[in-house]
Amino acid sequence: MPELPEVETIRGNLEATILGRRFASVRLSGLKLRERVPATLPRRLKSRTVAALRRHGKYLFLDLDGGLTLLSHLGMSGRWLFFDDPPARAMEHVHLRARFDDETELWFHDPRRFGLLRLVETSKLSRDPALRVLGPDPIATPPTGSQLHAVACGARLPVKSFLLDQRRIAGIGNIYASEILHRAGVDPRRRAGAVPREAWDALARETTAVLNEAIARMGTTFSMYRTLWNEPGTYGDQLLVYDRGGEPCRRCGGAIRRIVQGQRSTFFCPRCQGGRGKRMERAS
DNA sequence: ATCCTATCCTGTAGGC
DNA sequence: TGCCTACAGGATAGGA
């Protein structure tokens, strides 16, 4: 579900809401997420104050006083929920239920359980196995065409799969990969190593533009994603190709195609993004 | 090393 | 209505 813009939206929501709040008690569902959440987590969180909310790619960091960080990933269906006035009973799939001193609550909800909750020493965060493999965050450090070109040098995988590879650039997921490729006019099937330098300039530019526009609209609500306050993101209104298979391209009117790459759907306009091995078509 | 496939889960939409 | 299948915003271990 959540890609960089959705996670950044949640990060900002949490920063506005739980910063400075102190954990009074925490309960776990006991169910396994991406990995087992240690049973010791509740007592380690107890009495800690939320000191900062940070993000890298799709990972969220809840920094606590005393040098601990709660590392979180939303997987496909994870959500953070905040309640000023919490219900007495949790709905199904609530895996962490934290109460603050002021009786407000923060819940982690995740039906598919691909999410991650892990407690890490803040000073060792960058060495955490999940994080040390991540590439640069495109909001913290906007990529340049020459940087991407260099990272893609020699890569034989399709450029769509390249954009999804969190080790090369962290935060792009399946929706925004298709959108970025469309706006840059690049055929998703081209091998990353064969994409010319000018196209990487366009991809770098559109990566920054698409992600920032999506953040401004609080992300894309495709099905389950909601902000911390249960509001849908509105970037879905702006989607040019994602989930629009068979519909007309908003730019040229041609039919949007759906293909499968690496067992994930890719949507693109063959006319606007054609030209395998040929020069980029310039917008007239 | 690099790339690809299968897998972990539940919920939902669509065909019959 | 129910049953069945396909698919869904992600990451990763393991094999080729």
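Quick note on labels: first sequence line is chain A, next is B, and so on, each numbered from 1. All values derive from a computational prediction rather than experimental measurement.
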Checklist entry - Tell me, which stems hold DNA chain C, with a stem being 3 or more Watson-Crick or G-U pairs in a row and both distances under 3.5 Å? => result B:2-8 with C:10-16, B:10-16 with C:2-8
Next on the checklist: Which residue in the set A:Arg190, A:Arg191, A:Arg189 passes salt bridge (charged side-chain N to carboxylate O under 4.0 Å, His left out) when paired with A:Asp187?
Outcome noted: A:Arg189
Item to check | A:Asp165 with A:Arg168: basic N within carboxylate O range, under 4.0 Å | outcome: yes
Checklist entry - Considering only heavy atoms from C-beta outward, does the side chain of A:Arg22 approach that of A:Arg48 to under 4.5 Å? => result no
Next on the checklist: Counting only heavy atoms and a strict 4.0 angstrom limit, can you tell me which residues of residues 145-165 of chain A come near DNA chain B?
Outcome noted: A:Ala155, A:Arg156, A:Leu157
Checklist entry - Which ones in residues 231-249 of chain A lie close to DNA chain B, meaning a heavy atom under 4.0 Å from one of its atoms? => result none
Checklist entry - Base, sugar-phosphate, or nothing: which does A:Arg168 touch, judged by heavy atoms less than 4.0 Å apart? => result sugar-phosphate
Next on the checklist: In this structure, how many angstroms lie between the P atom of C:dT12 and the CG atom of A:Leu131, rounded?
Outcome noted: 10 Å
Next on the checklist: How many whole angstroms separate atom CD1 of A:Ile175 from atom C1' of C:dG10?
Outcome noted: 12 Å
Checklist entry - Expressed in angstrom and rounded to an integer, what is the separation of A:Arg112 atom CZ from C:dA8 atom P? => result 10 Å
Item to check | Pair A:Glu105-A:Trp107, side-chain hydrogen bond (donor to acceptor under 3.5 Å, both in side chains): steps then yes or no | outcome: CA-CA 7 Å; A:Glu105 293 194 10; A:Trp107 298 1; 2.7 Å; yes
Checklist entry - Across the strands shown, which category fits A:Gln166 at heavy-atom distances under 4.0 angstrom: base, sugar-phosphate, nothing? => result sugar-phosphate
Next on the checklist: Does C:dG10 have OP1 or OP2 under 4.0 Å away from a side-chain N or O of A:Arg264?
Outcome noted: yes
Next on the checklist: Nearest heavy atom decides the nucleotide; on that basis, is A:Arg167 or A:Phe114 closer to the 5' end of DNA chain B?
Outcome noted: A:Arg167
Checklist entry - Checking all strands, does A:Arg258 fall into the base, sugar-phosphate, or nothing category for heavy-atom contacts under 4.0 angstrom? => result sugar-phosphate
Checklist entry - Is A:Gly173 touching bases, backbone alone, or none of the nucleic acid, heavy atoms closer than 4.0 Å? => result sugar-phosphate
Checklist entry - Is A:Asp102 salt-bridged to A:Arg21, going by a charged N under 4.0 Å from an acidic O? => result yes
Checklist entry - Which nucleotide, C:dG10, C:dT12, C:dA8, lies nearest any side-chain atom of A:Tyr59? => result C:dT12
Checklist entry - Nearest-Å distance, CE (A:Met76) to C1' (C:dC7)? => result 9 Å
Next on the checklist: Looking only at the aromatic ring of each residue, does the gap between the centers of A:Phe83 and A:Trp229 stay below 6.0 angstrom?
Outcome noted: no
Next on the checklist: Can you measure A:Tyr225 atom OH to C:dG10 atom P for me and round it to whole angstrom units?
Outcome noted: 14 Å
Checklist entry - Could you state the CG-P distance from A:Leu33 to C:dT12, rounded to the nearest angstrom? => result 14 Å
Checklist entry - For the pair made of CG in A:Leu117 and C1' in C:dG10, what is the distance, rounded to whole Å? => result 15 Å
Next on the checklist: Taking the basic N atoms (NZ, or NE/NH1/NH2) and the acidic carboxylate oxygens, is any pair closer than 4.0 Å for A:Arg54 and A:Asp63?
Outcome noted: yes
Item to check | Contacts of type side chain to side chain donor-acceptor pair (under 3.5 Å), residue A:Glu247, not counting sequence neighbours | outcome: A:Arg244
Checklist entry - Rounding to the closest angstrom, what is the interatomic distance between C:dA13 and B:dT10 at atom C1'? => result 22 Å
Item to check | Along DNA chain B, first and last positions that approach a heavy atom of chain A under 4.0 Å | outcome: B:dC3 to B:dG11
Item to check | N or O in side chain of A:Ser265 less than 4.0 angstrom from C:dC7 OP1/OP2 | outcome: no
Checklist entry - Do A:Arg118 and A:Asp128 sit within salt-bridge range, that is, some charged N less than 4.0 Å from a carboxylate O? => result yes
Item to check | 4.5 Å side-chain heavy-atom contact, A:His56 and A:Leu131 | outcome: no
For residues 25-32 of chain A, tabulate all N or O donor-acceptor pairs below 3.5 Å that involve a side-chain atom, not counting sequence neighbours.
residue: A:Ser29; atom: OG; partner: A:Leu31; partner atom: N; Å: 3.1
residue: A:Ser29; atom: OG; partner: A:His95; partner atom: ND1; Å: 2.9

Checklist entry - How do A:Glu92 and A:Lys32 order along DNA chain B: which one's closest nucleotide is nearer the 5' end? => result A:Lys32
Next on the checklist: Rounded to the nearest 0.5 Å, what separates atom NZ in A:Lys58 from atom CG in A:Leu4?
Outcome noted: 8.5 Å
Item to check | A:Tyr176 and A:Thr220: CA distance, side-chain angles, deciding distance, side-chain hydrogen bond (donor to acceptor under 3.5 Å, both in side chains) verdict | outcome: CA-CA 9 Å; A:Tyr176 297 111; A:Thr220 302; 2.7 Å; yes
Checklist entry - Base, sugar-phosphate, or nothing: which does A:Lys58 touch, judged by heavy atoms less than 4.0 Å apart? => result sugar-phosphate
Checklist entry - A:Leu116 CG to C:dA13 C1': how many Å, rounded? => result 16 Å
Checklist entry - In terms of side-chain heavy atoms, does A:Gln261 have a donor or acceptor partner in A:Ser161 at a distance below 3.5 Å? => result no
Checklist entry - Do the non-hydrogen side-chain atoms of A:His182 and A:Arg251 ever get within less than 4.5 Å of each other? => result yes
